Protein chains: 2
Amino acid sequence: MSATMMDIARDLKVSVVTVSKVLRNQGRISEATRKRVLRRAKQLNYQTNWVARSLVTQRTYTIGLLLPAMTHPFFAEIARAVAQTVRPHGYHVIISCFEEDPELEASEAESLLSRRVDGLIIASSQLPCRLDLFKQVRERSVPYVLIDRQVAGLRASFVGVDNHAIGRLATEHLIARGCCRIGHLRGPEVRIAAERLEGYRQALAKRGLPARSCYVVPSGYRDEGGYAGMRQLLGLRPIPDGVFCYNDLVAIGAMKAILEAGLRLPHDIAVVGAGNVHFSDMLAVPLTTVDQGTREMGLRAAELLIERIASKRSMRPTRILIPPKLVERESTRRQP
Amino acid sequence: MSATMMDIARDLKVSVVTVSKVLRNQGRISEATRKRVLRRAKQLNYQTNWVARSLVTQRTYTIGLLLPAMTHPFFAEIARAVAQTVRPHGYHVIISCFEEDPELEASEAESLLSRRVDGLIIASSQLPCRLDLFKQVRERSVPYVLIDRQVAGLRASFVGVDNHAIGRLATEHLIARGCCRIGHLRGPEVRIAAERLEGYRQALAKRGLPARSCYVVPSGYRDEGGYAGMRQLLGLRPIPDGVFCYNDLVAIGAMKAILEAGLRLPHDIAVVGAGNVHFSDMLAVPLTTVDQGTREMGLRAAELLIERIASKRSMRPTRILIPPKLVERESTRRQP
DNA sequence: CGTTCTTGGGTTAACGTTTACTCATAAGCC
DNA sequence: GGCTTATGAGTAAACGTTAACCCAAGAACG
């Protein structure tokens with residue numbers, strides 16, 4: 001199989017500890033033996049056995065990333081940012097997707113702990129908020145950071161975007177573009193969606209526009225839901241002249257419904273999404289969206305986690321809110 | 001910290017081995033002690049320490065997935081399929097993205113081996129085909145399966161799609177829809193692209209259509225490249241009336257260029273993509289594409305790998321080619 | 001020259017499991 | 001009742017490292 005330190009030690013007639021010290025650049029070792037060990041290691045193609053090292057150091061240099069989905073561009077982007085951020089620190093990432101299934105989320109979290117990950121980044125399915133899960137995690141004193149989705153009733157470090165601001169920015173933008181009957185495809189029943197909805201309401205109120213409850217339609221978090229939701233909005237009279245969508249995927253579904261109905265985009269209805277996923281500006285009608293700093297979210301969460309792992313003693317929970325930015329494209333570019 | 005078998009053993013005044021046997025359901029244990037151990041384990045909230053177990057069993061129940069990118073929907077889908085397939089077998093997946101950087105690919109592979117993954121699934125950056133990397137892998141006799149991208153000169157198990165067939169299907173479909181000046185955005189300089197190009201040529205030849213080399217334009221593998229490539233095609237006279245694009249992302253870029261030029265889709269130019277990524281049918285003009293069975297690719301690769309891991313002795317390399325399927329949508333729906 | 005450092009290494013014991021044996025005791029059998 | 005055979009456990013060693021000490025020999029010093 002693969003060579004061990006013992007092999008090197010035996011060949012060179014030194015102790016394993018000497019080899020270990022050389023390979024870790026630690027302790028006093030004469031230049032001569034250092035060279036010999038290094039040379040033999042290279043010859044044997046030695047590679048650290050991380051399993052053995054982890055057992056004694058109690059550090060696996062692995063973090064777990066618990067995501068609802070990874071085919072969703074938003075989470076894929078997060079995963080990428082996290083992986084890139086922790087790599088320079090020597091960490092690897094085990095990604096576990098629970099496909100929005102809380103049962104699976106719990107069992108995967110357990111499983112990751114069992115593998116002794118050094119820390120966890122979690123975008124929890126917050127549906128039945130599984131505080132017991134987090135009690136478990138805390139009990140084992142494994143540092144963790146929540147990302148994107150907060151969990152009610154849990155004091156924990158969190159990195160996310162300011163969802164109120166997203167709702168406000170998007171809605172204010174629609175108003176500025178002359179829309180006065182603004183609908184909202186409000187996504188699934190999660191806190192994030194509620195916050196964006198709240199931002200939407202605030203913006204309407206601030207401009208003195210009416211908030212008609214039938215203009216707010218649930219839409220899930222994918223395009224299919226956006227398509228269905230938009231068709232529902234199109235059934236109303238008068239139809240909205242602007243729609244703020246929970247996210248870009250929902251917006252894509254919505255735009256499709258709009259175009260299918262023979263309406264002009266953005267002339268008849270303007271659309272704003274949220275998330276600024278990569279292909280949003282490559283659509284037939286490039287999508288105006290609110291960038292939620294996905295990359296930065298992943299990056300900050302990873303940095304925060306690494307910091308927690310490094311400093312033994314538990315620190316106070318930190319909250320980081322990324323300020324969103326409006327990105328204007330064709331889907332709202334019209335005369336007020 | 002977390003409870004160990006020793007804790008349980010001490011409490012119950014039995015040996016660790018007894019505990020171990022109970023927890024693994026192995027060896028003869030009386031029902032009475034079995035119950036006692038299980039109860040205490042639950043009380044202490046015991047969880048297998050996989051690091052320790054891995055050290056002695058030489059199995060980590062972790063596989064490495066080496067991908068060029070994970071924000072690309074195609075690879076995200078593969079990652080998902082792989083993870084879902086191996087989970088029931090108790091495996092976790094460490095995903096490592098090398099962002100199309102061969103250096104990073106090599107170092108990540110090494111790093112995964114160092115962590116003693118039980119197997120590897122690799123979509124190699126085949127650019128400078130790093131046979132040395134694979135020699136390494138083989139030397140450690142870690143089973144691996146190549147996915148999507150073959151590596152020239154390497155006899156290894158491979159799961160991919162029949163790329164000639166993709167080129168043929170797409171091109172024949174365009175011909176059947178009445179196109180006679182068929183362009184091709186041929187993607188990056190990789191074997192897959194060459195195979196699709198070959199399929200494209202075969203189809204043209206079979207129908208006696210001319211293969212004009214200026215109609216074949218490189219395009220990278222993302223939408224930006226497709227956009228640029230299509231603009232180049234639009235500069236030709238006569239312009240093509242049909243385009244087969246390396247993949248869906250490229251096709252999206254191409255469609256954008258077409259619409260921007262004021263041409264009608266599919267009336268003036270029909271477009272076929274490849275990959276059938278999730279949002280292809282949610283575009284303004286839903287994209288006709290060739291489904292490459294992405295999910296099945298991931299699934300088959302994972303199954304193959306698990307099989308290899310299970311059967312100690314090395315088996316002969318297997319090649320699995322998934323047959324592609326044409327999915328017709330609006331982007332080619334026109335009268336012949 | 002005796003004492004104290006420094007240098008370069010070695011010893012021993014973990015880390016938390018599993019594996020391969022061994023060994024009492026009780027049961028079964030003629 | 002003496003023999004074999006199940007049964008239910010235990011012992012010792014191993015997996016490949018690292019951590020905490022220890023120690024001999026030479027150097028430095030007064």
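So that the names make sense, note that chain A is the first sequence line, chain B the second, and so on, each numbered from 1. Fair warning: this is a prediction, and the values are worked out from it, not measured in the lab.
- Atom-to-atom, CZ of A:Arg53 to P of D:dT18 comes out at 5 Å; the value is rounded to the nearest Å.
- Computed from coordinates, the A:Gln26 CD to D:dA19 P distance equals 6 Å when rounded to whole Å.
- The stretch residues 42-50 of chain B has no heavy atom under 4.0 Å from DNA chain D, so no residue of it qualifies as close.
- Taking the charged nitrogens against the carboxylate oxygens, B:Arg149 and B:Glu100 do have a contact shorter than 4.0 Å, which makes a salt bridge.
- OP1 or OP2 of D:dT18 sits under 4.0 Å from a side-chain N or O of A:Ser20.
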Go through it in stages, so that I can follow the logic: the residues are B:Leu304 and B:Thr318, the test is side-chain contact (heavy atoms from CB on, under 4.5 Å), and I'd like the CA-CA distance, side-chain angles, deciding distance and then a yes or no. CA-CA 8 Å; B:Leu304 196 56; B:Thr318 308; 4.2 Å; yes
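- Computed from coordinates, the A:Arg115 CZ to C:dC15 P distance equals 23 Å when rounded to whole Å.
- Proximity of a side-chain donor or acceptor of B:Asp148 to a complementary backbone N or O of B:Ala123 within less than 3.5 Å is not detected.
- Put simply, the side chain of B:Thr48 never gets that close to the backbone of B:Trp50: no donor and acceptor are under 3.5 Å apart.
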Let me see the working for B:Phe158 and B:Leu321 under side-chain contact (heavy atoms from CB on, under 4.5 Å), right down to the final yes or no. CA-CA 8 Å; B:Phe158 170 75; B:Leu321 275 195; 4.1 Å; yes
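- You'll find the side chain of B:Asp11 reaches within 4.5 Å of the side chain of B:Leu44, heavy atoms only.
- One can place CG of B:Leu12 at 15 Å from C1' of D:dG8, the figure rounded to the nearest angstrom.
- Across all their heavy atoms, B:Val51 and A:Leu55 have their closest contact at CG1-N, 3.6 Å.
- Here C:dT17 presents its C1' atom at 13 Å from CD of A:Gln58, a figure rounded to the nearest Å.
- Under 4.0 angstrom from either OP1 or OP2 of D:dA19 there lies at least one side-chain N or O belonging to A:Arg24.
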Polar atoms only, N or O, under 3.5 Å: list the protein pairs with nucleotides 9-13 of chain D and their distances.
{"residue": "D:dA9", "atom": "OP2", "partner": "B:Ser30", "partner atom": "N", "Å": "2.6"}
{"residue": "D:dA9", "atom": "OP2", "partner": "B:Ser30", "partner atom": "OG", "Å": "2.8"}
{"residue": "D:dA9", "atom": "OP2", "partner": "B:Thr33", "partner atom": "OG1", "Å": "2.6"}
{"residue": "D:dG10", "atom": "OP2", "partner": "B:Ser15", "partner atom": "N", "Å": "3.0"}
{"residue": "D:dG10", "atom": "OP2", "partner": "B:Ser15", "partner atom": "OG", "Å": "3.2"}
{"residue": "D:dG10", "atom": "OP2", "partner": "B:Thr18", "partner atom": "OG1", "Å": "2.3"}
{"residue": "D:dG10", "atom": "O6", "partner": "B:Lys21", "partner atom": "NZ", "Å": "3.0"}

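- One atom, CD1 of A:Ile8, and another, C1' of C:dG10, lie 18 Å apart when rounded to the nearest Å.
- If you check the side chains of B:Gln58 and B:Arg116, you find no donor sitting under 3.5 Å from an acceptor.
- Atom CZ in B:Arg116 sits roughly 11 Å away from atom C1' in D:dC15 (whole-Å rounding).
- Of all non-hydrogen atoms in A:Arg59 and A:Ala310, the two that sit nearest each other are NH2-CA, 4.4 Å.
- One can place CG of A:Leu23 at 12 Å from C1' of D:dT18, the figure rounded to the nearest angstrom.
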